[in-house]
Amino acid sequence: WTLALDYDLTDHTLLYFTTRTGYRAGAINTGATNASVTVAQPETVQDYEIGAKSDWAIAGVPVRTNFALYDTDYHNIQVQIALPNATFATVAGGGPCTQAAFNAALCNGATTDNVTLNAKSAHIYGYEWDFEAKPVSELTLSYSGSYLHARYTDFTYGLPAGYLLPASGATNLSGSPFPLPQWQMNAAATYTLTGEELRLPVDRVSLTANWYWQSKFLANFTGFRFPDQQAAGYGMTNFRVDVENIAATNLSLAAFVTNAFDKKACQPESGSTGGGGAGVLNSAPNATFGVPNASGVVQCVPLPPRMFGFTVKYAF
């Protein structure tokens, strides 16, 4: 459900408050061989947001501003955890594979399952902003950004029957941050001229420059223990030119360059599990959890290099 209230403070300023609930459907553990963890429970969320939207002017320059602050309670978060499956494992000489035997590497036949379980809760809050201005009729400037603070308040989970803890014995990551950047910013400038102004047989020509930046972030839930395991922050610049309705044919062309300055950066590849040179982001307890330089970014996916291209569009 969603409840929203808004109030027109002036003819050009809107204040609002909204709260809403949401959920993510339960998950089926297709990779788990033990029937006790066939299903993970649904996630639930309760969100609160306040904000203001305004149109105004500075020295005759029209300006539009949007601000929003939000606070979110997050429960039963679905997390994938690599757990030793000792259902069919034994120790030398017979007998079941116990936690102590597994920790001492005495178990035979133990496998590892990627199991989706439910961490109990997380708290997320932050704010967002968006500015737009037109210093002259041909030029549009925009600047937006966000701050995100997201941490697990209770990462504990129940150990399913037939499974053991990773050798490190770690199961509680309460207080750990989500592996996401806290800051993101985006700025753009678009300059548009009509075909008449350019004396060309087109409707208009637009030049756009865009800049994106994000802060570094810890790539391991236990980043406070291994702060070197992080993805570096980076900025990226793109350029684009659009030519619309050439010679009244409804044909438009655009040319662009992305990552214009060929910025080098590396981002973790989440959700990948080795093989073929794929990256690995072990953000939950597993066999290497607790081992320095072994439970975070093993490999990562680089940013795309500088690329050029063009598009053709026909409207009918």
Transitive ILVMFWY side-chain link L207 to W211, under 4.5 Å | no

Query - Sidechain-backbone polar pair: Q46 side chain, R20 backbone, donor-acceptor under 3.5 Å - result: yes

* Following the transitive rule for hydrophobic clusters with a side-chain heavy-atom cut-off under 4.5 Å over Ile, Leu, Val, Met, Phe, Trp and Tyr, establish whether L159 and V79 coincide in one cluster. => yes

Requested in this report: Output, in order, the C-alpha distance, side-chain angles, deciding distance and verdict of side chain to side chain contact (heavy atoms under 4.5 Å, CB included) for W213 and W183.
Outcome: CA-CA 8 Å; W213 175 84; W183 294 95; 3.6 Å; yes

Between the side chain of N259 and the main-chain N/O of P304, is any donor-acceptor distance below 3.5 Å?
yes

Q. Is there a donor-acceptor contact under 3.5 Å from the side chain of D262 to the main chain of R306?
A. yes

*Do T258 and F256 have side chains that get closer than 4.5 Å, going by heavy atoms?*
yes

### Query
Is a side-chain donor or acceptor of T112 paired with a backbone partner of L83 at a separation under 3.5 angstrom?
no

For V91 and P96 the tightest heavy-atom approach is CG1-O, 3.6 Å

In Y127, W129, F131, the residue satisfying ring pair (Phe, Tyr, Trp, His ring centres under 6.0 Å) with F67 is F131

Here the pair of heavy atoms bringing G109 nearest to A89 is C-CB, 3.8 Å

Donor-acceptor under 3.5 Å (E244 side chain, D203 main chain) | no

**Prompt:** Between Q78 (side chain) and A25 (backbone), is there a donor-acceptor pair under 3.5 Å?
**Reply:** yes

When rounded to the nearest 0.5 Å, the distance separating CD of Q182 from NZ of K216 is 10.5 Å

Heavy atoms of other groups near H12 NE2, more than 12 under 6.0 Å = no

Worksheet item: Do N245 and N250 come within less than 4.5 Å of each other through their side chains, counting heavy atoms only?
Response: yes

To the nearest 0.5 Å, atom CG of L106 lies from atom OG1 of T90 at 11.0 Å

Q) Does some side-chain heavy atom of F310 sit less than 4.5 Å from a side-chain heavy atom of V241? A) no

T13 side-chain N/O to T10 backbone N/O, donor-acceptor pair under 3.5 Å: no

Side-chain donor-acceptor contacts of residues 116-125 below 3.5 Å, not counting sequence neighbours, with atom names and distances?
unit_1 : atom_1 : unit_2 : atom_2 : d
T116   : OG1    : N29    : OD1    : 3.4
N118   : OD1    : Q41    : N      : 2.9
N118   : ND2    : Q41    : O      : 2.9
N118   : ND2    : N76    : O      : 3.0
S121   : OG     : T153   : OG1    : 2.7
H123   : NE2    : D71    : OD1    : 3.1
H123   : NE2    : D71    : OD2    : 2.9

Value for CD (E43) from CD1 (I77), rounded to nearest 0.5 Å, stands at 7.0 Å

Output for pair (F261 CZ, N238 CG), nearest 0.5 Å, gives 10.0 Å

- Item | Heavy-atom side-chain proximity of S174 to F155 below 4.5 angstrom | yes

Residues L141 and A189: closest non-hydrogen pair is CD2-CB, 3.6 Å

- prompt: Is there a side-chain contact between Y7 and F17, using heavy atoms and a 4.5 Å cut-off?
  reply: no

(request) Verify, without hydrogens or angle tests, whether D113 (side chain) and V115 (backbone) share a donor-acceptor contact under 3.5 angstrom. (result) no

Shortest non-hydrogen pair, L165 vs Q99, comes out as N-OE1, 2.8 Å

Hey, is E132 close enough to R64 for a salt bridge, meaning N to O under 4.0 Å? no

| message | Same cluster or not: V136 versus W56, using hydrophobic residues (I, L, V, M, F, W, Y) connected whenever any side-chain heavy atoms lie under 4.5 Å apart? | response | no

- 4.5 Å side-chain heavy-atom contact, Y48 and I50: no

Separation between CG (D6) and CG (L15), nearest 0.5 Å, reads 9.0 Å

Quiz prompt | Single-linkage hydrophobic cluster L200~V312, side-chain heavy atoms < 4.5 angstrom | solution = yes

I'd like to know if the side chain of S206 reaches the main chain of Y191, judged simply by a donor and an acceptor atom lying under 3.5 Å from each other, with no hydrogens or angles considered.
no

Rounded to the nearest 0.5 angstrom, the NZ-OH distance for K264 and Y234 is 14.5 Å

_For the backbone of W1 and the side chain of T21, can you confirm whether one donor and one acceptor N or O come within less than 3.5 Å of each other?_
yes

Exactly one candidate in N210, T208, D242 meets side chain to side chain donor-acceptor pair (under 3.5 Å) with T190; the answer is T208

In short, V205 meets V202 closest at the heavy-atom pair CG2-CG2, 3.9 Å

message: Do L180 and Y147 sit in one hydrophobic cluster, given that two such residues count as connected whenever their side-chain heavy atoms are within less than 4.5 Å of each other, even indirectly?
response: no

Heavy atoms of R151 and G175 approach each other most closely as NH1-O, 2.9 Å

